[in-house]
Amino acid sequence: MKTRISELLATGSAGRGATITGWARSLRSSKEVAFIALHDGSNPSGIQVVAGRTLDNFEAVCRIGTGAALQIDGVLVESPATGQQWEFAANTITLIGKSDETYPLQKKRHSFEYLRTIAHLRPRTNTFGSVFRLRSKLAHAIHRFFADKQFLYVNTPIITASDCEGAGELFRVTTLDAAAPPTVQGQPDFSQDFFGQRTGLTVSGQLEGELFAQAFGNIYTFGPTFRAENSNTARHASEFWMIEPEMAFADLADDADLAEEFIKYLCRFALEECADDMLFFDRQIEHGLLERIQRVAAADFARIDYSEAIDRLQRSGTTFSYPVEWGLDLQTEHERYLSEQVVGGPAFILNYPKGIKAFYMRQNPDGKTVAAMDLLVPKVGEIIGGSQREERLDLLQARMLELGIATEPLAWYLDSRRWGSCPHAGFGLGFERLVMYLSGMENIRDVIPFPRTPRHCEF
RNA sequence: UCCCCAUUAGCUCAGUCGGUAGAGCAGGUGACUGUUAAUCACCUUGUCCGUGGUUCGAGUCCGCGAUGGGGAGCCA
């Protein structure tokens with residue numbers, strides 16, 4: 001029976017016998033004794049294995065390469081040396097999988113850029129061990145948060161025929177022969193395609209989520225999302241995971257309240273339930289991370305109207321590269337100024353001009369703005385985008401007509417406004433951006449196991 | 001997609017005024033009774049990103065391309 005290292009350290013006492021398995025991170029040997037840093041992925045520190053000369057295969061153990069897979073029978077003992085409280089005194093060491101000097105992970109610090117080229121091996125490093133433990137636990141925490149609030153978890157489609165959601169470029173899904181598709185009037189004839197129409201990968205589960213919200217009240221989605229934009233930044237990926245709650249009988253204020261409660265919950269969760277990994281990030285990735293997250297968990301998030309934000313930017317006395325004018329979208333430099341200089345923490349920007357937002361957002365009584373919100377956080381930027389949805393059929397239809405959006409393909413969406421329509425609101429949270437924010441990691445490619453970005457689909 | 005920067009040993013980098021390359025780490029061998037990315041001694045390692053040009057001579061200068069990084073746009 002194998003024991004996980006984290007469990008052994010948490011529940012073990014001196015003299016407890018166990019069998020552990022894992023991979024050697026480093027080996028330090030001398031004439032009479034050898035030390036193996038053994039990791040099994042269950043904690044950041046691993047455990048120090050002590051191998052004495054009395055082992056039958058002591059000579060062989062001293063030649064084990066970095067990265068080798070081992071099974072070790074032994075007992076937990078208090079460490080006589082500083083550096084760790086416990087260590088594991090080996091009785092037998094079995095080499096399960098050898099590793100030679102060509103193993104790409106060396107006993108030294110590697111750059112994240114290099115590790116991206118060996119993404120199949122990087123989960124065996126300290127940083128990526130902590131990143132993916134945090135990511136996994138956060139995913140569970142997200143489900144727990146919504147389950148505790150009686151939100152229904154709904155799996156919205158990955159393949160969709162809606163290409164007018166306004167959220168981004170679709171990846172095409174087709175079984176047609178790319179070299180010689182059937183054509184009609186010179187264009188590919190998608191009526192002969194697998195689904196009998198043009199289809200793509202989802203850019204958002206929101207529209208379908210709204211339908212479920214109008215049956216179950218409160219719902220959320222949590223799944224992969226695809227955007228075919230040629231974005232080359234540290235914050236964008238072509239495939240990422242998004243959490244999208246949607247609440248019926250709720251307005252924009254309810255939406256922002258939920259978002260704030262959600263982010264704070266996840267901050268507290270990370271601090272409490274991922275303490276050892278968070279400590280690692282604080283020491284190795286971003287000094288002051290713990291304090292920053294603690295402050296967010298205790299903060300009241302600012303709520304600033306777009307119009308007020310424009311006013312404050314104009315009166316700031318700061319010179320920006322891009323113009324600040326009512327009706328124009330906020331640029332990254334403006335968002336950073338607001339969250340970092342004006343607020344010094346997370347800030348909601350509310351009620352944007354309707355001209356720069358999506359068709360489904362609810363039109364405000366002023367006739368100029370819509371009930372939209374973005375949550376801006378220092379470092380990562382926009383982490384949440386949401387809105388109250390336009391629930392009035394006539395206004396929604398008029399807006400679609402105004403923007404030239406065909407209504408027929410979205411007849412089902414409009415139907416939700418035809419019978420039993422009600423005010424409702426929701427938002428989208430980028431899961432990777434959340435992991436970045438909580439870990440201090442600065443590139444989205446380093447918080448997703450095998451990143452998909454323009455020109456990259458390895459592994 | 002646009003702007004800027006980079007690409008030299010397995011990794012991280014230095015390389016002066018244009019004269020055929022060097023350090024640290026990793027790795028190998030040996031030493032060491034307790035190490036913490038062990039330490040000490042010795043040793044190995046090069047398509048200087050590719051391509052075309054200038055030049056007696058190019059890692060170094062110029063053009064083009066590729067890849068990576070930072071910033072911007074798009075957005076989560």
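This one's a predicted model, so the numbers in the text were calculated from it and none came from an experiment. Reminder, nothing fancy here: chain letters follow the sequence lines and each chain counts from 1.
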Using the [atom1] atoms only, state how far [M] lies from [N], rounded to an integer number of Å.
N: B/C48; M: B/U8; atom1: P; value: 11 Å
N: B/C62; M: B/U54; atom1: C1'; value: 7 Å
N: B/G10; M: B/C2; atom1: P; value: 33 Å

Classify the side chain of [X] and the base of [N] as holding, or not holding, a donor-acceptor pair under 3.5 Å.
X: A/Q84; N: B/U35; result: yes
X: A/R235; N: B/C74; result: no
X: A/S231; N: B/C74; result: yes

message: Within 45 degrees of the ring normal and closer than 6.0 Å to the centroid, is that where the cationic atom of A/R122 sits relative to A/F450?
response: no
From [atom1] of [X] over to [atom2] of [N], roughly how many Å is that when rounded to an integer?
X: A/F35; N: B/A37; atom1: CZ; atom2: C1'; answer: 15 Å
X: A/E458; N: B/U67; atom1: CD; atom2: P; answer: 11 Å
X: A/I263; N: B/A76; atom1: CD1; atom2: C1'; answer: 11 Å
X: A/H334; N: B/G73; atom1: NE2; atom2: P; answer: 9 Å
X: A/R433; N: B/C74; atom1: CZ; atom2: P; answer: 12 Å
X: A/D446; N: B/G70; atom1: CG; atom2: C1'; answer: 14 Å
X: A/L330; N: B/A72; atom1: CG; atom2: P; answer: 14 Å
X: A/E335; N: B/C75; atom1: CD; atom2: P; answer: 10 Å

task: Could you tell me whether the side-chain ring of A/F431 sits stacked on the base of B/A76, using a centroid cut-off under 5.5 Å and a plane angle under 30°?
output: no
- request: Would you please name every residue forming a side chain to side chain donor-acceptor pair (under 3.5 Å) with A/R28, sequence neighbours left out?
  value: A/S26, A/Q48
query: Does a salt bridge link A/D277 with A/R135, judged by any charged N lying under 4.0 Å from a carboxylate O?
result: no
With respect to the side chain of [X], which nucleotide from [options] is positioned closest?
X: A/R455; options: B/G71, B/A72, B/U67; result: B/U67
X: A/N232; options: B/G69, B/A72, B/A76; result: B/A72
X: A/Y114; options: B/G73, B/G10, B/C75; result: B/G10

- prompt: Would you find more than 12 non-hydrogen atoms of other residues, nucleotides or ligands less than 6.0 Å from A/R53 atom CZ?
  reply: yes
With sugar-phosphate meaning primed atoms plus P, OP1 and OP2, does [X] contact a base, only sugar-phosphate, or nothing at under 4.0 Å between heavy atoms?
X: A/E333; value: nothing
X: A/T233; value: base
X: A/R116; value: sugar-phosphate
X: A/E244; value: nothing
X: A/T82; value: base
X: A/A34; value: nothing
X: A/H110; value: sugar-phosphate

- request: Check each of A/F262, A/F216, A/F222 against A/F146 using the ring pair (Phe, Tyr, Trp, His ring centres under 6.0 Å) test, and report the only one that passes.
  value: A/F262
- line: Its contact letters, B for base, S for sugar-phosphate only and - for none at protein heavy atoms under 4.0 Å, make nucleotides 42-48 of chain B read -------
field: Validation row: A/L330, A/Y306 side chains within 4.5 angstrom (heavy atoms)
entry: yes
message: Quick check on B/G71: is either OP1 or OP2 less than 4.0 Å from any side-chain nitrogen or oxygen of A/T332?
response: no
Taking only N/O atoms, report every protein-nucleotides 23-33 of chain B pair under 3.5 Å with atom names and distance.
unit_1	atom_1	unit_2	atom_2	d
B/G24	N2	A/K108	NZ	3.4
B/C25	O2	A/K108	NZ	3.3
B/C32	OP1	A/K31	NZ	3.2
B/C32	N4	A/S29	O	3.4

